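Here's the structure we're looking at; comments come further down.
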Amino acid sequence: MSFCQNTHFHFQNLKRIQFFKIQSFSNQITGRGFTTKYDTLIKNGKVVFRNSVKIADLAIQNGKIAVIADKIEETAEQVYDASDQYVMPGMVDIHVHMCEPGRTEWEGFETGTKALAAGGTTTYVDMPLNALPATTTKDALEKKLAAAAGKNYVDYAFYGGLVPGNLDHLKELSDCGVVAYKCFMASCGTDLPGDFKNVDDYTLYAGMKKLAELGHILLIHAENAAITDGLAEEMIKQGKTSPADYVATRPVFTEVDAIKRALYFAKQTGCKLHFVHVSSAEGVEEITKARNEGQDVTLESCPHYFTITTAQFAEIGPLAKCSPPLRSEAEQEKLWEGLKQGKIDMLTSDHSPCPPVMKDSETGNIFEVWGGITGCQNNVDLMFDEAVKKRNIPITQFTRMIATNPAERFGLKSKGEIALAKDADLLFLDPDRPYTVSAEDLYYRHKHSPYIGRKIDCRVTKTFLRGQLIFDLDGGGITGEPVGKWIRPAKVSDYAGVPS
């Protein structure tokens, strides 16, 4: 029997939970009239809900949030005091590249999910690349599922890929439980059998038509391949191979052009879209305009676009190479303005690791090194510091961007929010615990990151997955064995539209 046939939804049976009526955080708990011993209590934390922050206690039973109240007097097997810390829903990182199977030497499920747990992420969605084979067929997905079993410290889901030649595989991937689909308009992949390939215009159009029929979302890496490839070839011929030269080959307009073209195709086909790692304010504006005109489209951006500039890329070197590239300080400030205005729906890591040798060039040619940021362990603390502490972005807005919006958009219905009957996926964040990122802190297979040496003025101290403590900063770090589960999404008809 295949994984697709044998795996079912991992949502807990809600009948197992004894629920209580909570009256405005009043402690008036109505139940069976006797004291309940819960699995876990979390007390005295600044609990971040969808639209408010309240000092409250949480009771957890069978992996679910069972009670929310000002004070809970009952006992529990485990009690954690969150005084002076924020209790937030665990991050739902919908843009992670695990490279297992096929390229496990880049990053595997075990090391990658330890890093996610240490950073406060409790659920992630794995991109259909950079594993071999890429997740573009049912057979490839089953290989991925088999490789993932028993190795994940956090819960996980998978995307399928849209590539030339796999249109007939899209429905079987849907039937097997992929969350959505991903394509590249930029050049990608290698000549290795089974590697991911970028779409041509026909594949993009035909794929959108098919995914519209299936009701699925298409995620798009939007850059004009012909222009970026041509500019890179010119630079290399001229011997211009510095970080600044690389950035010059992928100007903002190449991102915006691809965004506009994809939006137009989607308008013709009725396909729902999500744009990944948008790096420019103009790109954000084009997507916002399309949404205001009625298109079903969302977007994400990533911490590196808000915290590292082109000038800093030149100082850091290959560890900060990514595509789209890092932008100027002026462009970064415009992107921050879009985030403040609520035009950026989600924050994701685009964690794209590789061995150190792939970040090295004997000639110093930046075009020869792997383009990808290793950064998923610092999603929450870095952006909380920059967005909430330094720029006064409401913590509720921040929480929606890292957890609620991605969970709802992609049908992960038990995730993303602190609310009754939701999975007890939680993190503690101490807003007054500064530290400097060091290689020794990192759980990645290869302990390199552009954030090493950066001071961050807050820190994730605990992470819980379905009520189980999986990371404890002051208790030795990662705790216990891998307990992450494959989460199949809700029916695509239940997926959320664009966030309100």
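In this text the structure is predicted, and so the values were computed from the model without any measurement.
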Do [X] and [Y] come within less than 4.5 Å of each other through their side chains, counting heavy atoms only?
| X | Y | value |
| --- | --- | --- |
| Thr396 | Val53 | yes |
| Phe313 | Cys322 | no |
| Asn152 | Tyr124 | yes |
| Trp336 | Ile393 | yes |
| Glu223 | Pro325 | yes |
| Cys176 | Arg488 | no |
| Tyr153 | Glu110 | yes |
| Ser352 | His97 | yes |

Review point. Lys462 and salt bridge (Lys or Arg N to Asp or Glu O under 4.0 Å): which partner among Asp474, Asp472, Asp81?
Key: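 Answer after filtering Asp474, Asp472, Asp81: Asp472.
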Are side-chain N/O atoms of [X] and [Y] paired as donor and acceptor at under 3.5 Å?
| X | Y | value |
| --- | --- | --- |
| Ser174 | His216 | yes |
| Asp93 | Ser349 | yes |
| Asp381 | Tyr435 | yes |
| Glu386 | Thr307 | no |

Euclidean distance, [Y] [atom2] relative to [X] [atom1], rounded to 0.5 Å:
| X | Y | atom1 | atom2 | value |
| --- | --- | --- | --- | --- |
| Lys144 | Met98 | NZ | CE | 9.0 Å |
| Asp155 | Thr121 | CG | OG1 | 12.0 Å |
| Lys422 | Ile65 | NZ | CD1 | 9.5 Å |
| Thr298 | Ile217 | OG1 | CD1 | 6.0 Å |
| Thr123 | Tyr156 | OG1 | OH | 11.5 Å |
| Ser279 | Asp350 | OG | CG | 11.5 Å |

Exercise for review: Assess whether salt bridge (charged side-chain N to carboxylate O under 4.0 Å, His left out) is satisfied between Asp423 and Lys485, documenting all intermediate values.
Suggested key: CA-CA 12 Å; Asp423 283 357; Lys485 297 179 180 180; over 6 Å; no
Check your understanding: What do the steps show when you test Arg50 against Glu408 for salt bridge (charged side-chain N to carboxylate O under 4.0 Å, His left out), and what is the final call?
Key -> CA-CA 12 Å; Arg50 182 186 290 257; Glu408 292 185 348; 2.4 Å; yes
Geometric class of the [Y]/[X] ring pair [parallel <30°, tilted 30-60°, perpendicular >60°]:
| X | Y | answer |
| --- | --- | --- |
| Phe158 | Trp486 | tilted |
| Phe384 | Tyr86 | tilted |
| Phe196 | Phe184 | perpendicular |

Side-chain donor/acceptor of [X] to backbone N/O of [Y], under 3.5 Å:
| X | Y | answer |
| --- | --- | --- |
| Glu331 | Ala281 | yes |
| Asp57 | Ile72 | yes |
| Thr40 | Ile60 | no |
| Gln61 | Asp39 | yes |
| Tyr159 | His95 | no |
| Gln295 | Ala266 | no |
| Gln377 | Tyr443 | yes |
| Lys272 | Gly215 | yes |
| Thr404 | Gly416 | yes |
| Thr310 | Leu326 | yes |

Does a sphere of radius 6.0 Å around [atom1] in [X] hold more than 12 heavy atoms from other residues, nucleotides or ligands, not counting ones at 6.0 Å or beyond?
| X | atom1 | result |
| --- | --- | --- |
| Lys390 | NZ | yes |
| Gln332 | CD | yes |
| Glu293 | CD | yes |
| Glu481 | CD | no |

Before accepting this row, confirm whether a basic side-chain N of the pair [X]/[Y] lies closer than 4.0 Å to the acidic partner's carboxylate O.
| X | Y | answer |
| --- | --- | --- |
| Lys343 | Glu285 | yes |
| Glu100 | Arg445 | no |
| Lys289 | Glu286 | no |
| Asp385 | Arg454 | no |
| Lys389 | Asp457 | no |

Review point. Centroid-to-centroid, His274 to Phe410, below 6.0 Å?
Key: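 Between Phe410 and His274, which both carry aromatic rings, the centre distance is below 6.0 Å.
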Check your understanding: Given Glu107 and Thr111, is the side-chain hydrogen bond (donor to acceptor under 3.5 Å, both in side chains) satisfied, shown in steps?
Key -> CA-CA 7 Å; Glu107 183 83 281; Thr111 53; 2.6 Å; yes
Contact summary for [X] and [Y], nearest pair of heavy atoms:
| X | Y | answer |
| --- | --- | --- |
| Leu469 | Thr479 | O-OG1, 2.6 Å |
| Lys64 | Ala421 | CD-O, 3.2 Å |
| Val278 | Gly283 | CG1-C, 4.2 Å |
| Leu429 | Met88 | CB-SD, 4.3 Å |
| Cys354 | Lys359 | SG-CG, 3.7 Å |
| Pro353 | Trp106 | O-CE3, 3.7 Å |

Practice item. Please say which of Asn405, Asn379, Leu339 ends up in a side chain to side chain contact (heavy atoms under 4.5 Å, CB included) with Leu347. Key: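 The single option meeting the side chain to side chain contact (heavy atoms under 4.5 Å, CB included) with Leu347 is Leu339.
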Review point. Going through the distances and angles, do Asn44 and Lys71 end up as a side chain to side chain contact (heavy atoms under 4.5 Å, CB included)?
Key: CA-CA 8 Å; Asn44 307 315; Lys71 291 292 180 184; 2.6 Å; yes
Review point. Which is it for His351 and Tyr444 under the ring-ring contact (aromatic ring centres under 6.0 Å, His included) test, yes or no, and what are the steps along the way?
Key: CA-CA 10 Å; His351 177 65; Tyr444 309 133; 5.0 Å; yes
Exercise for review: Please lay out, stage by stage, how Asp345 and Arg409 fare under the test salt bridge (charged side-chain N to carboxylate O under 4.0 Å, His left out).
Suggested key: CA-CA 10 Å; Asp345 304 300; Arg409 178 63 165 164; over 6 Å; no
